[in-house]
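Below is one structure, written out as structure tokens, with a few remarks after it.
A, B, ... follow the sequence lines: proteins, then strands. Residue 1 opens every chain.
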Protein chains: 2
Amino acid sequence: MTEFGFSLLAEDGQARRGQISTAHGTIETPAFMPVGTAGSVKAMLPSQVRETGAEIVLGNTYHLMLRPGAEEVAALGGLHTFMNWPGPILTDSGGYQVMSLAELRKITEEGVRFRSHIDGSYHTLTPERSMDIQRFLDADITMAFDECTPYPATEEQARLSMEMSMRWAERSKNAFQARAGYGLFGIVQGGVYPELRARSVEALENIGFHGYAVGGLAVGEGQELMFKTLDVTTPMMDRTRPRYLMGVGKPDDLVGAVARGIDMFDCVLPTRSGRNGQAFTRRGALNLRNARHKHDPRPVDEECPCLACRDYSRAYLHHLIKAEEPLVMTLMTHHNLTYYQQLMSGMRDAIAAGNFGDFVAAFNAEREEGDIPPL
Amino acid sequence: MTEFGFSLLAEDGQARRGQISTAHGTIETPAFMPVGTAGSVKAMLPSQVRETGAEIVLGNTYHLMLRPGAEEVAALGGLHTFMNWPGPILTDSGGYQVMSLAELRKITEEGVRFRSHIDGSYHTLTPERSMDIQRFLDADITMAFDECTPYPATEEQARLSMEMSMRWAERSKNAFQARAGYGLFGIVQGGVYPELRARSVEALENIGFHGYAVGGLAVGEGQELMFKTLDVTTPMMDRTRPRYLMGVGKPDDLVGAVARGIDMFDCVLPTRSGRNGQAFTRRGALNLRNARHKHDPRPVDEECPCLACRDYSRAYLHHLIKAEEPLVMTLMTHHNLTYYQQLMSGMRDAIAAGNFGDFVAAFNAEREEGDIPPL
């Protein structure tokens with residue numbers, strides 16, 4: 001059996017090039033994980049997700065526990081079999097989404113009681129139940145159950161929230177059933193307060209996890225404050241474990257966070273904004289819904305190997321958007337995920353070669369030279 | 001340059017096995033043409049459409065003239081390039097859809113004046129304009145502009161409608177610009193009246209077309225009356241030209257129509273009903289939306305090679321439908337088109353082998369033995 005593990009292959013400043021080993025395969029880092037909320041990366045076959053370069057996808061505990069149900073997924077062979085994704089899967093703990101999507105939430109020390117946004121049924125999520133659900137789903141990487149501290153929050157609010165998350169982290173660790181190749185990650189909280197982040201890192205490392213996430217960022221604080229928080233947080237985190245920045249982000253967020261020592265990311269941005277007609281490119285983002293693309297025979301990006309750029313004009317994509325043709329969701333998602341994966345692959349190569357600084361400079365220059373006006 | 005042509009390879013009773021040669025490739029008949037209304041077989045990459053066995057797709061003149069516009073498609077290289085389908089394309093004349101979809105229609109001898117259902121703009125379709133549009137689209141097979149006689153219609157109504165369609169057929173022929181590999185089909189009208197059908201067949205053959213369609217069926221008259229009308233119509237039609245039954249149909253409609261000498265079909269049923277959760281199988285149709293599939297680990301059909309049956313359970317498809325995941329449109333469409341194409345391929349083989357009667361008997365027996373309850 002594969003042991004769950006992380007190999008640090010190279011460092012360049014704070015940036016790291018590594019490999020995560022899991023029961024369902026290896027992930028090259030820095031890595032971007034497409035979001036497959038309800039057991040599907042929307043509008044994409046798993047083979048198409050893999051084709052973009054993705055090695056791991058994310059599943060959402062909140063969505064899957066409500067529909068079809070964690071025990072149901074287990075009875076059908078686990079999430080890998082259910083959704084036909086043979087590679088590694090990370091599941092979130094449900095903590096973030098229960099707060100943003102569910103109704104009538106009530107938080108106590110025990111956990112969160114809520115009503116389903118789908119059918120109004122009552123459910124309770126606790127650290128113990130979250131561990132059970134993620135085990136039923138067969139997640140290669142399980143996330144500890146936490147509260148994502150809202151922004152803005154006073155230092156006192158952030159402290160109380162973080163301290164509860166640390167108690168929940170310990171309960172998560174106790175409830176997690178260790179298996180070879182399966183890992184459990186703790187989540188650093190503490191808002192934008194360096195002292196609280198430091199105490200959270202220390203608390204988690206005392207409990208001991210296979211990896212550590214930075215939570216509570218990308219919640220409205222802006223890139224500058226996010227980077228400032230990473231600047232004080234990642235240097236305190238265990239150098240020998242993977243570091244995951246949850247829910248991030250835009251291409252320049254990824255580059256800046258890798259420069260600050262982050263190894264893993266997930267975000268709905270490339271998939272969701274793709275379905276809405278936004279294409280990411282090396283030179284900025286294009287909104288294909290815009291009428292100026294109506295007659296344009298060029299692909300979105302001539303150098304991009306994705307399904308959309310290989311075979312279709314901007315005019316065709318524009319037409320599909322206007323006609324509400326479902327194919328455009330597949331094409332745009334394939335394009336955006338390809339762009340994100342190529343960005344990650346470029347960063348991995350640059351870190352390995354020791355020229356990540358040059359990579360960042362070229363990344364910024366290409367965007368500034370771009371002839372693409374802002375959206 | 002390929003000449004447009006039809007080779008009759010075998011006959012078994014009225015059923016025919018043939019080949020149509022076009023500028024963009026050969027079509028084995030009897031053939032089923034998936035519908036790509038607005039320049040896309042909904043939710044399917046062209047490579048996936050091809051993978052199901054389809055050799056020709058249908059485009060809709062009415063939709064494409066309104067959006068993005070026929071001249072626009074021509075400027076972007078024609079419909080094959082625009083939608084990335086390198087194979088043959090048949091376009092309808094717009095006559096049927098302008099009557100079913102447009103607003104404020106006014107029919108005169110000249111043609112049809114109407115308002116777009118998309119933006120309210122005014123347009124006129126005439127035989128001459130329909131030929132221009134289909135040439136701009138670069139259709140391998142162009143359909144003459146006609147009026148689809150509604151059902152029910154009195155014999156007098158059906159006669160007047162058919163006679164106008166015949167005058168429009170002549171104008172279509174005069175306006176069609178002959179090119180090697182491109183064909184023009186006339187459309188037999190006359191409702192359910194054998195005498196009118198006979199006169200329509202005669203009128204069209206006097207004008208002379210590369211192929212002949214049977215129009216005005218599958219409009220509410222029911223299978224029995226449709227077959228009765230075919231029984232008296234196809235034997236009068238030129239044996240050396242392809243015969244196309246427009247807008248048909250259910251699997252048993254196809255089998256019955258092939259038995260009556262039809263070579264080509266199109267219908268939105270497999271694609272549209274697939275998107276709505278209905279799966280066609282050898283043993284009847286399954287509605288995957290139904291709760292009885294929620295826990296079912298079996299594929300829709302264990303012998304089906306489609307994307308859905310190869311990799312997914314009925315439970316997963318049911319889940320995707322409930323969660324409104326767009327991937328289910330691709331999977332279900334791929335399944336249904338695969339079923340339709342396998343049905344056509346089975347009929348082609350049976351006709352070539354001279355045992356089409358056995359094929360029909362086995363087709364009926366398998367459906368009757370099926371354990372699938374009606375929808």
Quiz item: So which part of B/Y316 gets closer than 4.5 Å to some heavy atom of chain A, the side chain, the backbone, both or neither?
Solution: both
Quiz item: Under 4.0 Å between a Lys/Arg side-chain N and an Asp/Glu carboxylate O for A/D138 and A/R179?
Solution: yes
Quiz item: Are any of the side-chain nitrogens in A/R67 or A/E72 under 4.0 Å away from the carboxylate oxygens of its partner?
Solution: no
Quiz prompt | Aromatic centroids of A/Y340 and A/F280 separated by under 6.0 Å | solution = yes
Quiz prompt | Among the listed options B/H319, B/K322, B/M329, the residue most often paired with chain A at heavy-atom distances under 4.5 Å | solution = B/H319
Self-check item: Per-residue contact mode, A/M44 against chain B (heavy atom under 4.5 angstrom)
Solution: backbone
Quiz prompt | Spacing of B/T281 atom OG1 and B/H335 atom NE2 [to the nearest 0.5 Å] | solution = 6.5 Å
Quiz item: Which bit of A/F82 is near chain B, if near means a heavy-atom gap under 4.5 Å: side chain, backbone, both or neither?
Solution: both
Quiz prompt | Interface moiety of A/A75 toward chain B, non-hydrogen atoms closer than 4.5 Å | solution = neither
Quiz item: Contact part of B/I118 toward chain A, heavy-atom cut-off under 4.5 Å: side chain, backbone, both or neither?
Solution: neither
Exercise. For each of B/S40, B/A315, B/P297, tally heavy-atom pairs with chain A at distances under 4.5 Å, and name the one with the top tally.
Key: B/S40
Quiz item: Is chain B contacted by the side chain of A/H295, its backbone, both, or neither, given a heavy-atom distance below 4.5 Å?
Solution: both
Self-check item: B/E324 portion near chain A, given a 4.5 angstrom heavy-atom threshold
Solution: neither
Exercise. Run the salt-bridge test on A/R129 and A/E71 with the 4.0 Å N-O cut-off and return the result as yes or no.
Key: yes
Quiz item: For the residue pair A/L104 and A/R115, what are the closest heavy atoms and their distance?
Solution: CD1-CD, 3.1 Å
Quiz prompt | Centroid-centroid distance, B/F114 to B/Y62, less than 6.0 Å | solution = yes
